Amino acid sequence: AAVAIVQTAQGKNLQQAITVGDLPDDPTKVVGTLAGEVGTRSSFEKLVKKPSDISSRSPLQDFYGMITPSDLHFERHHAGVPTIDPNKHELLIHGLVEKPLVFKLSDLKRFPSVSRIAFLECSGNYRTGKETLSPQEICGLTSQSEWTGVKLSTLFREVGVKPNASWFLAEGGDAAVMTRSIPVKKGWDDAIIAYAQNGEALRPEQGYPVRLFLPGWEGNTSVKWLRRLELSDAPFMTREETSKYTESVNGKIRQFSFDIDARSIITYPSYPQRIEKGWVEIRGLAWSGRGKVVQVEVSTNAGKSWQLARLQEPILDKAHVQFRYLWEWKGESTEIMSRVTDETGYVQPTYQQLIAARGADGGYHFNAIASWQIKPDGAVLHKPEK
Amino acid sequence: AAVAIVQTAQGKNLQQAITVGDLPDDPTKVVGTLAGEVGTRSSFEKLVKKPSDISSRSPLQDFYGMITPSDLHFERHHAGVPTIDPNKHELLIHGLVEKPLVFKLSDLKRFPSVSRIAFLECSGNYRTGKETLSPQEICGLTSQSEWTGVKLSTLFREVGVKPNASWFLAEGGDAAVMTRSIPVKKGWDDAIIAYAQNGEALRPEQGYPVRLFLPGWEGNTSVKWLRRLELSDAPFMTREETSKYTESVNGKIRQFSFDIDARSIITYPSYPQRIEKGWVEIRGLAWSGRGKVVQVEVSTNAGKSWQLARLQEPILDKAHVQFRYLWEWKGESTEIMSRVTDETGYVQPTYQQLIAARGADGGYHFNAIASWQIKPDGAVLHKPEK
Amino acid sequence: IASDTAHFPRSFGLGRVATQVEIKKLDIDVRPDGKGLPIGSGISAKGKSIFELKCAPCHGIGGVGGPNGSLVSSVPAAGKRPERTIGNYWPYATTVFDYVRRAMPFNAPGSLTDEEVYHLTAYLLHANKIIDETTVIDAKSLPKVVMPAHQLFIPDNRKGGPEIK
Amino acid sequence: IASDTAHFPRSFGLGRVATQVEIKKLDIDVRPDGKGLPIGSGISAKGKSIFELKCAPCHGIGGVGGPNGSLVSSVPAAGKRPERTIGNYWPYATTVFDYVRRAMPFNAPGSLTDEEVYHLTAYLLHANKIIDETTVIDAKSLPKVVMPAHQLFIPDNRKGGPEIK
Ligand code: HEC
Ligand code: HEC
Ligand SMILES: [Ca+2]
Ligand SMILES: [Ca+2]
Ligand SMILES: [Ca+2]
Ligand SMILES: [Ca+2]
Ligand SMILES: [Ca+2]
Ligand SMILES: [Ca+2]
Ligand SMILES: [Co+2]
Ligand SMILES: [Co+2]
């Protein structure tokens, strides 16, 4: 087992060799690796995102708990991950403000700060169509971190947002120069200009050195590598809020569909796992962009009846919550699934309900219940929807 | 800026090159790195633990939020970090039980699980004596993770702990074959047999593949690389609970001092940071091994008066909590410090109070208020205690 | 609690005032009402030759069928849904200018002159049969172009609660 | 809530029953009452030669002053506090056997035979003037050795609340 982690950082090498050589037969008889500067994963753990060119999906089926390791947070970008010098990067706020201001990263860090644990989900986070799909493939474009930054409201006070400002443009410093129009109200409510994630600086894939973070809203609106906010009296109708991130609904096109509808997914047991007869703790994640998860129900008989799952505290606002349900599996063929109810009374719909409500065009914000087929040999397969 | 992360895992290479080559002058004009399997830190962020041979301290002054990145979680071990094959590792529970059982890691993961965010602190976590000490050097042997595992009480039920069992021995599979005696009551209360940390498997330095986790208790009792629990009617009086992890108190030696007393530390501003005139958000962490943090007070005039700091929710049981206090610094020489009160009414003491209560021997469980001297030029220095 | 701002000073005095010059450098967005459009103008014929050189490799000859997606509407193959293009899915013509200028060509973003972007915009609108080949596209005419998809767009009508929408 | 176990079955049926043989292999601990001590015995003289070979490089000749700390009490240098050793800080003699067997020598832990550990234990107790040089250390005698530090140990008396202890 040869294991090493090498981080070449601006000319400085950090090297942390955990083990190079053979595995000891008896680890109690050899002194282990001495303390180091940076830890690493065990070489036995192979956690990887599933990348395409434009996105990379979190391995939900491999996770425990509600925090996503930062290096496994899903990625979605429209022109790659830029490399940004944090000492040069600035955030400009202008437009309908009393006083347009430019903030260095160090300025942003000096403002009163706030931290919150919240999910971030891409609204294009749904796959179905074959049995051999894992949670990562079905909906791996959701992850959760503890985000730290300055409230946008604090910066709004500083620049003096004018009363007639109703929208603002958020613009990234990546090669897509990503732009979204956001209602000013969200900025006053709970938007964060985030510079940290899970205890440390944002990771490059998550917007280093600074991003917008809009709790509960579709991921694309939380513009990464943020360089500019322009206050305005109208939305800007950027490509990302017209050609993309809009849904064809019954012949119309739904726009500015910001909220992430409540959703849940069983991550254990799931494909490609296998179960054995006996007690199985069904585990999963549930979340809502509209507030708190109120309950999660689990069905172990293909939806004929539903039982309340247990929720792991703390149950946080606009956050992934772990749910668990203890099930004795006797070897029968069946289907298991979960559905969440959020604090607005919204109940996660079936695929068929969504199609009935929206028409058959699919598209963004597809939060349907996902079912797992349990085979008599313990195999677990996704149930493709149609 | 050449940056790369290489993880050679059991013959498989994961390579994630973020940037090799020069920094782009304008990141909006070059396509960035495409999506990858594993992310990495920005090459501009140099976060490192401070290692000796036997421990490595978390860089508290560089953190944001309450979660410690797993690879920066403090380390303390007595014979290095072992390399353990999770497929061979087993946990034996025997002694005063109805049915001695051996659990594979996969067995442990099948039991009902629990997650909680809690700190872990080494009871030997105190340094003072010179001005150029950072929070990392003063008390970097504390970190916080979301831990997931099976409750020890669930395993106690399974093996049938006998009524006369009052202590249990926890034994590690490292080269120190670390052992501690723990009251059975703690096992029933809130002990966790943890196999995951911050969403993924434990890191090797934190006990991979399985450890005991005793919320609120001195770190050494949360035995890592756990291989054996023996139920007994008396403590075992191991070297780690006699020769070490005991305190000389007024001529006596205090033993089985498990609880971590309430403590806080200002992490910003702190050495080696510097402040500028104007508004400074004083930030820090506060925690108690006896339950929840109730309040944190901050003094900006060397302890003459104290003001209530704001606490970041969620305020969790036996967990690091972030506190913040907004202060206008006008350039004066002063001292700033924080003190926490926990839900038992315990108020973090001064160094002098601790010496008065315990005698001058120092030792473990030294949780004194730490003060920072603010110099007129903005330099921040630790105030050595005596 | 942390959200309370009653204890904040009127200003933290952080950051520096932005000059008009530096705002102008960054302020590249274009709104539907034309705000943000630069001087210059374009026509479809000139846009066509730029497109063939710089865009067709990714978006297809005539803007149809390239590896990175069609930009121009065409009759779909039998049984297929029409591809979403500028012609059938974009509500505002100004977005073409804004997006092409900020993000295209993908392999050299930010490399086009305003004049080139005007030409390309004219070309893409003409290829989609929205304007005729003589229309000059500039800061005045572009906001007035009415897009076929315009009337399809409705704001989000979901609002939580029991209803599935 | 997650802590509730009312819905648990009597047994989850996970894990396998441990055999006495496998328990014995792992059950290496030694309690103050002698439980866990193996057969065998040791005397200080034999322990001394093993110590000089395998331990003195790290713990000093005679157990005083090595790079990894003294194990034997000695008169401290003027103005210094005495080093904490087996002689002045260890409450139970059985801990010496238990610890040396499981963890020492640091560079080859688990390499000593039980007999060697008995000899080393006898040596360390004698060097610390706790037993005389003729005392044979075995499963019977070791638990009876009364350590000088024994009476110093008290259980934790902190209990939260306002009192600083
Ligand atoms: C090297 C490949 C490449 C070249 C060359 C290229 N594009 Fe693109 N284009 C893309 C990709 C990839 C996307 C999708 C980007 C994303 O994911 O956001 C795209 C998207 C677009 C879109 C948005 C399509 C939609 O429906 O939302 C337009 C408009 C566009 N390109 C115009 C152009 C023009 C005009 C040029 C030439 C000046 C050009 N492109 C050159 C690759 C290319
Ligand atoms: C290569 C160095 C090395 C050798 C050889 C070595 N030791 Fe140690 N010893 C150590 C270290 C290091 C420690 C402290 C371990 C820790 O941090 O827990 C230690 C600790 C001890 C302690 C506990 C001291 C205390 O006050 O808690 C005893 C007893 C001990 N050794 C006995 C022995 C004996 C007996 C031998 C020979 C059989 C031996 N050592 C060989 C390095 C060594
Ligand atoms: Ca290490
Ligand atoms: Ca949307
Ligand atoms: Ca990447
Ligand atoms: Ca203690
Ligand atoms: Ca503008
Ligand atoms: Ca035993
Ligand atoms: Co999205
Ligand atoms: Co400790």
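Just so we're clear, the structure is a prediction, and the values are computed from it rather than from any experiment. What you see below is based on every heavy atom in this structure, not just the backbone, and it leaves out hydrogens, waters and symmetry mates. Residue numbering restarts at 1 for every chain, and letters A, B, ... go by the order of the sequence lines.
Among B/M178, B/E343, B/Q353, B/R227, the residue with the largest count of heavy-atom pairs under 4.5 Å with chain D is B/R227. The most heavy-atom pairs under 4.5 Å with chain B, out of D/G13, D/P155, D/P32, D/A103, come from D/P32. In terms of heavy-atom pairs under 4.5 angstrom with chain B, the leader among D/P109, D/G161, D/P162 is D/G161. Looking only at heavy-atom pairs under 4.5 Å with chain D, the residue among B/D342, B/V159, B/T344, B/I253 that has the most is B/I253. Of the residues considered (B/G251, B/S232, B/S288), B/S232 shows the highest number of contacts with chain D, using heavy-atom pairs under 4.5 Å. In terms of non-hydrogen atom pairs under 4.5 Å with chain D, the most contact-rich of B/R228, B/H94, B/R358 is B/R228.
Look at D/R158 and B/D259 and you find no salt bridge, because none of the NZ, NE, NH1 or NH2 atoms lies under 4.0 Å from a carboxylate O. Of the charged side-chain nitrogens involved, at least one lies within less than 4.0 Å of a carboxylate oxygen, so that B/D361 and D/R81 count as a salt-bridged pair. With salt bridges taken as basic N to acidic carboxylate O contacts below 4.0 Å, one links D/R31 and B/D233. Between D/K165 and B/D261 there is no salt bridge, since none of the side-chain N atoms of the basic residue sits less than 4.0 Å from a carboxylate O of the acidic one.
Contacts between B/V102 and chain D at a heavy-atom distance below 4.5 Å involve backbone atoms as well as side-chain atoms. At a 4.5 Å heavy-atom cutoff, B/Q348 makes no contact with chain D through either its backbone or its side chain. At a 4.5 Å heavy-atom cutoff, the contact between B/R290 and chain D is made by side-chain atoms alone. In this structure, the portion of D/F106 lying under 4.5 Å from any heavy atom of chain B is its side chain and not its backbone. Looking at B/A262, there are no atoms closer than 4.5 Å to chain D (heavy atoms on both sides), in backbone or side chain. In this structure, the portions of D/I28 lying under 4.5 Å from any heavy atom of chain B include both its backbone and its side chain. Heavy atoms closer than 4.5 Å to chain D are found in both the backbone and the side chain of B/S248. Interface residue D/V30: only backbone heavy atoms are found under 4.5 Å from chain B. Heavy atoms closer than 4.5 Å to chain D are found in both the backbone and the side chain of B/K252.
Side chains of D/I164 and B/L354 form a contact here, defined as non-hydrogen atoms less than 4.5 Å apart. Two residues are said to be in side-chain contact when any heavy atoms from C-beta on lie closer than 4.5 Å; D/F12 and B/R110 fail this criterion. No side-chain heavy atom of D/T94 sits under 4.5 Å from any side-chain heavy atom of B/F236. B/R254 places a side-chain heavy atom less than 4.5 Å from the side chain of D/N157. The closest side-chain heavy-atom distance from B/R239 to D/R102 is not below 4.5 Å. Residues B/E240 and D/Y99 form a side-chain contact, since some pair of their non-hydrogen atoms from C-beta on lies under 4.5 Å apart. Residues D/I23 and B/L92 have side chains in contact (heavy-atom distance under 4.5 Å, counting atoms from C-beta outward).
Of all heavy-atom pairs spanning B/L101 and D/L14, the tightest one is CD1-O, 4.2 Å. Residues B/F103 and D/G15 come closest through the heavy atom pair CD2-CA, 3.6 Å. Across every non-hydrogen atom of D/T95 and B/T238, the tightest pair is CG2-C, 3.6 Å.
A donor-acceptor contact under 3.5 angstrom links the side chains of D/Y89 and B/T246, judged on distance only.
Formation of a donor-acceptor pair under 3.5 Å by the B/E158 side chain with backbone atoms of D/S11 is not found in this model. Between the side chain of B/T242 and the backbone N or O of D/P91, no donor-acceptor pair lies under 3.5 Å.
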